[in-house]
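Keep in mind that what you see is a predicted model, and the values were worked out from it rather than measured. We name chains A, B, ... by the order of the sequence lines, and we start the count at 1 in each one.
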Amino acid sequence: VVTYSILIEATCEENGADQALKLLDEMMTRGCSPNVVTYNILINGFCKEGKLDEAAKLLKDLPSIGCQPNVITHNILLQGLCNAGRWEDAQKLLSDMAEAGCSPSVATYNILIHYLCQIGRLEQAIGVLKEMVVRGCTPDATSYNPIIHLFCKEGRLDRAMECLDQMISKGCLPTIVTYNTLLTTLCRDGKVDQAIHVLHRLGHQGCHPVLITYNTMIKGLTKKGNTRQALELLDGMMERGLTPD
RNA sequence: ACCUCAUAUG
């Protein structure tokens, strides 16, 4: 079943999910039973092609085929619906999920937060963040990053920095993406000194600057006319084994 | 073997 599932995934990517269904038939003919992973792969294939109704139908039919959908099955469809902006259908899926006794995972909430932030619904996104905690899911950096990004986009750098402090105080480790988001905004706003300060501190949270980090900082410094310090950073990045582009 | 992939520079 693993062999066939891998092949079905590759077929989805190269020839589409409809073609992959033929391979599903073949595996069953040969006496090999697909499992939930096999079906998840197919549902994901349909979603990636925008064939959401096909994906939804397959999910709905699973129990009668003798396969119980799991949280990943639902997350896959949820992501597809969000990408298509079908928020109502996404809500419906969440309630179906609850009804089926399938508990949301961190990824479930992250998909929702990311979507809400993309469409600028900051308050709703924060609502989901709070709800996941109540429901026993611990937010991770993927939960916080889109919210920080939206704060930055809306010119609320203060709230973004607050959010960073909050995640750290709750024991959630920021990633370099978190810092790149903040550094970009600091540099754009001309607050390069503060950016430098943050750059020097991100190592304390287990993060390491990457190429994007340096390009952002160097841009910020040169914009301020501080070419000397920009050149120092160039040396610094090469010392760390990073190749300038 | 399956779901989140988010951040720049130009």
Side-chain angles (χ1 to χ4, degrees), chain A residues 1-13 17 20 23 27 32 34-48 55 58-59 62 67 69-83 90 93 97 102 104-118 125 128-129 132 137-153 160 163-164 167 174-188 195 198-199 202 207-223 230 233-234 237 242 244-245:
Chain A
V1 54
V2 175
T3 315
Y4 272 110
S5 299
I6 294 169
L7 286 166
I8 286 174
E9 183 174 22
T11 304
C12 280
E13 278 162 22
L23 198 49
M27 83 181 270
C32 183
N35 62 18
V36 66
V37 175
T38 319
Y39 287 114
N40 286 348
I41 288 168
L42 279 163
I43 291 171
N44 198 26
F46 281 122
C47 285
K48 293 275 142 72
L58 185 50
L59 189 158
L62 283 190
C67 176
N70 62 17
V71 62
I72 295 183
T73 321
H74 291 90
N75 287 347
I76 290 167
L77 184 57
L78 186 67
Q79 169 81 26
L81 291 170
C82 285
N83 281 342
L93 179 63
M97 223 175 135
C102 179
S105 63
V106 175
T108 312
Y109 292 111
N110 288 351
I111 290 165
L112 296 173
I113 292 172
H114 181 245
Y115 171 70
L116 289 168
C117 287
Q118 236 174 15
V128 172
L129 187 74
M132 70 190 284
C137 275
T138 306
D140 59 15
T142 306
S143 319
Y144 285 100
N145 286 346
I147 292 176
I148 291 178
H149 184 235
L150 187 53
F151 273 134
C152 286
K153 207 170 110 180
C163 197
L164 173 71
M167 71 191 282
T175 62
I176 190 59
V177 173
T178 317
Y179 285 108
N180 286 344
T181 306
L182 291 163
L183 290 175
T184 298
T185 306
L186 284 168
C187 285
R188 261 193 206 136
V198 172
L199 177 70
L202 57 79
C207 289
H208 304 285
V210 294
L211 177 64
I212 290 176
T213 318
Y214 282 106
N215 283 346
T216 303
M217 290 299 305
I218 289 171
K219 173 77 177 176
L221 284 165
T222 54
K223 209 164 61 177
L233 277 185
L234 176 65
M237 73 185 284
L242 292 171
D245 67 1

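Here B:U7 is the nucleotide among B:A1, B:C3, B:U7 with the atom lying nearest to any side-chain atom of A:Thr181. Checking B:A6, B:U4, B:C2 against the side-chain heavy atoms of A:Ile76 singles out B:C2 as nearest. When each of B:C2, B:C3, B:U7 is scored by its nearest atom to the side-chain atoms of A:Asn75, the top-ranked nucleotide is B:C3. Distances from the side chain of A:Val37 to the nucleotides B:U4, B:C2, B:A8 place B:C2 closest. Of the candidate nucleotides B:U9, B:A1, B:U7, B:U9 has the atom lying nearest to any side-chain atom of A:Asn215. When the nucleotides B:A6, B:A1, B:C3 are ranked by their closest atom to the side chain of A:Ile6, B:A1 comes out on top.
Contacts of A:Asn83 with the nucleic acid, taken as non-hydrogen atoms under 4.0 Å apart, are absent. Among the atoms of the strands shown, base atoms are found under 4.0 Å from some heavy atom of A:Ser5. Residue A:Thr142 is classed as a base contact, given a heavy-atom separation below 4.0 Å to a base.
As rounded to whole Å, 18 Å separates atom P of B:U9 from atom OH of A:Tyr214. Between A:Glu13 atom CD and B:C3 atom C1' the separation is 14 Å, expressed in whole Å. Across the protein-nucleic acid pair, A:Met237 atom CE and B:A8 atom P stand 18 Å apart, rounded to whole Å. What separates CG of A:Leu93 from C1' of B:C3 is a distance of 12 Å, to the nearest Å. For the pair A:Leu62 CG and B:C2 P, the computed distance is 18 Å after rounding to whole Å. Rounded to whole Å, atom P of B:C5 lies 13 Å from atom NE2 of A:His149. The distance from atom NZ of A:Lys153 to atom P of B:A8 is 10 Å, rounded to the nearest whole Å. If you measure from atom OH of A:Tyr4 to atom P of B:C2, you get 19 Å, rounded to the nearest angstrom.
Taking a 6.0 Å sphere around NZ of A:Lys153, one finds it holds 12 or fewer heavy atoms contributed by other residues, nucleotides or ligands.
For B:C5, the OP1/OP2 oxygens have a side-chain nitrogen or oxygen of A:His114 closer than 4.0 Å. Phosphate proximity of B:A6 to A:Gln118: absent, as no side-chain N or O sits under 4.0 Å from OP1 or OP2.
For the pair A:Asn44 (side chain) and A:Asn40 (backbone), a donor-acceptor distance under 3.5 Å is absent.
Scanning all heavy atoms of the two residues, the minimum distance from A:Cys82 to A:Ala90 falls at SG-CB, 4.4 Å.
In terms of polar N and O atoms assigned as donor or acceptor, the side chain of A:Asn35 comes within less than 3.5 Å of the base of B:A1 in a complementary pairing.
A donor-acceptor contact closer than 3.5 angstrom is absent between the side chains of A:Thr178 and A:Thr181. Side-chain contact annotation: A:Thr108 with A:Asn75, donor-acceptor N/O pair under 3.5 Å present.
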